[in-house]
Enquirer: 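Quick one: the structure is below, and I'll ask about it shortly.
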Amino acid sequence: MKKNLYILLLLIPVLSWGQVKTDRPVKEGKTSFAIVTDSRTYSYCKDALINYRNAVEQDGLGTYILHADWKDPMQIRQELSKLYKSDSHLEGIVLVGDIPIAMIRNAQHLTTAFKMNEKKYPYEESSVPSDRFYDDLHLTFDYLCKDKNNTSYFYYKLREDSPQRLSPSFYSARIKYPEAKGGNKYKAISDFLNKAANAKKETNNQLDHIVSFTGSAYNSECLVAWMDEEKAYHENFPLAWKNNSCFKHYNFRLNETMKFSLMDELQRPEVDLFMFHEHGLPNMQVVNDEPVGDSFKSRYEIMQKELYENTRLKLKKGIPLDSIKSEYIREYHLLPSFFDKLEDKTLIEKDSLTAYNCFIHLSELAQIRTYPKMVMLDACYNGSFHLNNYVAGYYLFNGGNTLVVQGNTLNVLQDRWTTEMIGLLSHGLRVGQYNQLIATLEGHLLGDPTVHFAPIKKGCTLAYDIKLKAGQAAYWEALLNSPFADIHCLAMRMLCDYNKKSSAISGLLLKNFKESSQNVVRMEALKLLSRYRNQDFYEAVRMGLHDPYEFIARASAVYSGKIGDEGLLYSMLDAYINEGERQRVAYNLNIALKTYPQSKVIEVAKQVVKSSNRVNDETSILTKMFLSTQKYQDKSLTILMDKKAASPLRIEKIRELRNNTCHYWVDDLLKVLSDTSELDEVRINVAEALGWFDLSIRRKEILATCDSLLQKEKLSNELKDELIQTINRLK
Amino acid sequence: MTKLYTKLTWLLFGLMMNGQIMAQTCIRPSASVTKTSFAIFTDEQTYQSCNKVINEYRQTLENEGLPTFIFYKNWNNPEEVKTEIRKLFETEKLEGVVFIGDIPIPMIRKAQHLTSAFKMDEHSNIFESSVPSDRFYDDLHLKFDFIKCDSVKPWFFYYNLAADSPQEIRCNIYSGRIKPLKNGTDKYDQIRSYLAKAIKEHHADNHLNQLVSYTGEGSYSNSLLSWASEMNNLHEQFPGVFDSAGGNARLLRFSFSDFPKEEIMNQLKRKDLDLMIFHEHGMPNRQYLSGIADTYEMGRHIEEMKASLRSSMQYYLSGKGKKSTADFYAKNTEKYGLDSTLVSGYKDPNIEAEDSLTDLRRGLLLDDITRIQPNTRFVIFDACFNGDFREDDYIAGRYIFSGGNCIAAYANTVNVLQDKQADELLGLLGLGARIGQWARFTNILESHIIGDPTFRFTSSDSKWSADKLISTPYSDKELTSFTTAVYPCDIQELALHLLYYRHYKDLSPLLFHKFKTSPNAMVRYTCFSLLEHLDDKNFNEVLKIAVNDPYEFLRRIAVNRMGRVGLPEYLPYLIDAYLNDRLAERVTFNVITALRSFDKDVVKKVVEERVSHSYVLDKEAAIKELTLNSIWSLAEEMNEDVLKRTLKESRRIFGITTLKNINIHPSIEKYLVLVQDPSESVTVRLNMLQSLAWFDLSYKKELILKACEHMMKDNTLDKSLQEEALRTYNRLNKGL
């Protein structure tokens, strides 16, 4: 009987190929939601899916179930598009089981940091696995191919004439089991769905227990950045300050092996949200650095460990022990007895354990249950659901209470605003709704996106209003007076998104930036001002460089590099020279200053030092440093402009502009772009590089040249496409 | 020449003290005293040399609405000064005083409980073991018994806090000292320059909106959680000031660079800096800013290992250590396999000079400060000894007498506790309180304003003037209304302090309620600390809540006080606090210390019970950490020594003295038998009485009080025992 059933199940895909079945909601809600699953998962997990569907409906969302043996991502997208057209109240979807994976190309500007050379590296590595393919219906894509090895990967190119900014039509999440974990994936999915359904019975749980952890090497390990977040968290989570258990704000420096404390914290059933700000890989979370030298003993142990490891490596390479020893004895002033413990097994074990304990490994996660309802993995690769083993999956599929995880499929920028709008979760927004507001190409939710907490104010309807009152300006204007910072932020955002009277809104944003004492309100105002790219924005950036909130200063540093207005230089250098304790701001200013003519930078640096009353006159050190940058840039520009230079070298210099938008090169870049005698390949790369000048003070000149070239010249298709895309990115 | 001149001046001063009695001159304020007044006390010669600028200073204060008296004479002793202060306080609504020049220095004894940490054996050198303190002048409740004038330095006067004196500080007025340095420059020039700049700053319309707080190496066990919490407090205490453009509060830490000294110097030189707070270790002549920085790469590891070996070799070379350099060298070469070249520079004068230069880069020294010319208008030294005006030259003095715009320092004359609150009521300064008005509420025996105590910033909120608030005689009802959450948090705290000063009858429930409901960390701290003074049931209860407060400092002191109260019912709270807060070094340290005050076997039972119910994964390790015999071994050994009559008396006394720091409540009954046992020596009994005075929060305090009462009435007892019993009784009976 069992065998027959198995054969029958195998036949399902064949029988249902291409046919999409839509189970309509059993119970209507103010807004709706869709579960998308494959036929086999549907079949194996039907009870759990129905249970979950019923729970979601009970929670107020009419829920569709779409199931089929999906041919490719486009088929799903089309179905979702149809559904969205027929039900404009559709607010989100969840992709359960084996749902094809869209691997996106030509859209690196929609990621926060991913800049792999698409021409140089294989598709599998240089494409971005992204569910924006499903949830952002504004974007348009061209199908490229299916992966030869992995049948679930489908490659798409973002079209050049597509909108070039993310604006998801609804939210999405994935429930995908990391199959390398072993066990029965359908049972695991069913267990998860039942867990998510059961959790919805608890309707009074407010967001008031949070743990935040900042790992090693994150944000240049800047302690001011870490400390300053606390005030923002006060604004985001007003309920989380009743006692010490409510909010724990941890940093890797608190312990040499923080992971054990973190795993303890993951056991607390009352924790609602656990935020990991850290570095990561698909199979590990980076928690600590290896120990630093803080005493004679620790320094000696580090030295011993390092020299022993090097010795063992050299031995493996066949170098005789005596010769290694005598080299080290000479170099480090050692006695032969230094090597006495080279073969000491206890020591070898201890050293390897020290390194091992810097990370949380999948094998460790497999041993524990995790209880925080939501986990944020603000890290690279922890959300790589396209692989058969990934960290986020381990948080979902265990016997604990974790319902939803935020993670990234690829590497991610450290200087992005990782907690933007997070405080909306305090007001009853669904995790999916929050995530929709902060979309990036690589950012994903894993698990149940409909999770929400009981709002601070009973009866708060924000979760529905965000969908149903999106265009009602008066409603959002009134919310500008909300005492809750994130509601204030959302109001500004909704006014910008749906009520576009740019000049009035830009003034309003600047006013909010100048007058608000709330960190997150000022930051949101600054971010939204960047859309308008006008004098209001520049003024906010100038002020923002000295803002009391480190992150605003950091964001302003990044913006100042992207703007290129010399009027910002004094503030930039003042912050750079006089506010050095903000290490990450200084790091970003260091990059930003490179986009300006160094002669001007030196001139302003001198003024700043002169008026700063500092102990030492650092003018000559700074001048030397900036002159060295100038030298490098002059050399790069010469190569770039030199038609005789090898084109790969010229293109390398052009591609550097993607991270380093030298505004004062724009004249030269436009010259190359317009030069019909230039190699097409060079012109295409310049056109692409100019796409990164979207905030530049020279933006309009770039747009004008691109427009004029498109109209007047006969261009190759590839150059034409690139120009179109650049225009769409800059306009 | 200058040195000789200075010597002669002191000689003259000394002669006057010993013989001639001169009447003081009093210059009354030019305006009549209506609401408040202030007084300048100076010596004859300072007045004669600086009268022009002193009068200008007075005029400046009077223009601010502060009628000011000037008293000058060559004062014979502190009592003379105090008599005038008391008269002014009783008849002229005096709010504060400043001592300019040579004003006698009271050296206080038998009052170590009024300090935060000073516990030197008073049998040792009298000069070293006394606390120079102007609480003698500004707390008129306290009573003192004169001991003697210092035979070598006749401007120092020793006093015991009287046995029947109130045993806590409640300053009636504020005070400040402008005592010039003996650093080679004319002392009257120093005073004239200082007062001229103080006058200038009084005329400036300057808001307190630029603040730097620096935490040095070794403060708060280098706990990051302790460090980071200050920013939240500052935001609460200065609402709106540091939250928007124009305001700037910067928290710096020793770990920000290998040698943070240069950056600190840059900060001190900033012309816009209003307030600099140093949380650091200190001596009269040095601020300890940083230690040996962490090293991250091989070259630096080796460099620091070499420096460390050289330093040890130099130590043994000097003969201070028990080993010889050869022994040390042999041991280290053998143990570590390092050859002699690693330590070879220890005798090389060039390397020695380099090492010493490196050491200088880790602290601020007297001459550094003169060179920097600090511009910060006000500086707080949350540090030991930086304000030790016993010395001819000292850190705080350098700040105000240097060329910059620094007007006042708040500093300590002796060592100070790390786990004390340095920022309470700070927001009042932002609302225009005079520095003295602020300090009056937060003073401990060793804390002092060095400089002009009337200095104030322009209020950053036009609705409020803390100066007026403090000097207005509000009713209890009005003050109670100021404690509601609609007022800025430091105004709430001020109202609570004022209610406390006035013995407001319903204060305890008010404090308890506010503690439970206030979202402001510093308001909760004030409630906590005032409840501790009241020491009633609400205090015992508040500890159970405070031990899990969001503010790390409150958790830290709550844990500490649980140890001092000793109620066995606290144990589950203490254990939970440890398990829940394992990454807060300063909290866990205090938990472990507190556990010594409890019965070991009971602790072990509670540990097992609490750990088994906790979320901690490695339960075995947690139990082990909390039940290590070493936690109790010292206390047990000491306790045995105390009670073992066969031991040498000196050893027993050492054990008894240690009880001041570790209150072992389960043994109190035994201590009381000892203290009342006529067969014990008077010395042992006296010492035990002194130590029992440190059980002032103990839940068994009543037993001690009863025993003291009994001894006070027992006329057969040695008089010294009776007096000490009275002292202990008064320490424990806070109803005085």
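FYI, side chains are in, hydrogens and waters are out, and symmetry mates aren't considered; it's all heavy atoms of this structure. Per chain, numbering begins at 1; letters A, B, ... match sequence-line order.
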Enquirer: For B:P550, does its backbone N or O pair with a side-chain atom of A:K242 as donor and acceptor, under 3.5 Å?
Expert: no

Enquirer: At a heavy-atom separation under 4.5 Å, does A:Y250 approach chain B through its side chain, its backbone, both, or neither?
Expert: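 Side chain only.
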
Enquirer: Please round to the nearest 0.5 Å and tell me the distance separating atom CD1 of A:I577 and atom CG of B:N266.
Expert: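 Separation between the atoms: 11.0 Å.
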
Enquirer: In Å, rounded to the nearest 0.5 Å, how long is the span from OH of B:Y296 to CD of A:E290?
Expert: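 The distance works out to 13.5 Å.
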
Enquirer: Heavy-atom pairs under 4.5 Å with chain B are the metric here; pick the option from A:E515, A:K514, A:E579 that has the most.
Expert: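 Of the candidates given, the most pairs with chain B belong to A:E579.
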
Enquirer: To the nearest 0.5 angstrom, please state how far the CG atom of B:N222 sits from the CG atom of A:D294.
Expert: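 Those atoms lie 10.0 Å apart.
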
Enquirer: Under a 4.5 Å heavy-atom cut-off, does chain B meet the side chain of A:M303, its backbone, both or neither?
Expert: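 Both parts, backbone and side chain.
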
Enquirer: Roughly how far apart are B:K269 NZ and A:R614 CZ, rounded to 0.5 Å?
Expert: 11.0 Å

Enquirer: Do the non-hydrogen side-chain atoms of B:M298 and A:L307 ever get within less than 4.5 Å of each other?
Expert: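 When only atoms from C-beta onward are counted, A:L307 and B:M298 do touch, with a gap below 4.5 Å.
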
Enquirer: Name the region of B:E297, side chain, backbone, both or neither, that has any atom closer than 4.5 Å to a heavy atom of chain A.
Expert: neither

Enquirer: Please output the residues of residues 616-624 of chain B in contact with chain A, using a heavy-atom cutoff of under 4.5 Å, in numerical order.
Expert: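 Residues in range: B:V616, B:L617, B:D618.
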
Enquirer: Begin with the C-alpha distance, continue with both residues' side-chain angles, and end with the deciding distance and a verdict on side-chain hydrogen bond (donor to acceptor under 3.5 Å, both in side chains) for B:R270 and A:N613.
Expert: CA-CA 6 Å; B:R270 276 173 54 191; A:N613 196 30; over 6 Å; no

Enquirer: Considering only heavy atoms from C-beta outward, does the side chain of B:F256 approach that of A:V224 to under 4.5 Å?
Expert: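 SC-SC contact between B:F256 and A:V224 confirmed.
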
Enquirer: Can you tell me which portion of A:S612 sits under 4.5 Å from chain B's heavy atoms? Options are side chain, backbone, both or neither.
Expert: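 Neither part.
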
Enquirer: Non-hydrogen atoms of chain B under 4.5 Å away: do they reach the side chain of A:R522, the backbone, both or neither?
Expert: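 Answer is side chain: those atoms of A:R522 sit under 4.5 Å from chain B.
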
Enquirer: Given that the side chain runs from C-beta out, which part of A:L254 has a heavy atom under 4.5 Å from chain B: side chain, backbone, both or neither?
Expert: both

Enquirer: Let me confirm one number: the CZ-CG distance from B:R582 to A:D264, rounded to the nearest 0.5 Å.
Expert: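 Here the rounded value is 6.0 Å.
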
Enquirer: Can you tell me how far apart CG (B:L225) and CG (A:N251) are? Round to the nearest 0.5 Å.
Expert: 8.5 Å

Enquirer: Using modelled atom types only, decide if a donor and an acceptor are shared between the side chain of A:Y300 and the backbone of B:Y336 within a distance under 3.5 Å.
Expert: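 Such a contact is found between A:Y300 side chain and B:Y336 backbone.
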
Enquirer: Does the plane of the ring in B:W227 sit parallel, tilted or perpendicular to the ring in A:W226? Use 30° and 60° as the thresholds.
Expert: parallel

Enquirer: Is the distance from the ring center of B:F242 to that of A:Y549 below 6.0 Å?
Expert: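 So the answer is no for these two rings.
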
Enquirer: Where along residues 231-238 of chain B does a heavy atom come under 4.5 Å of chain A, listed by residue number?
Expert: B:M231, B:N232, B:H235

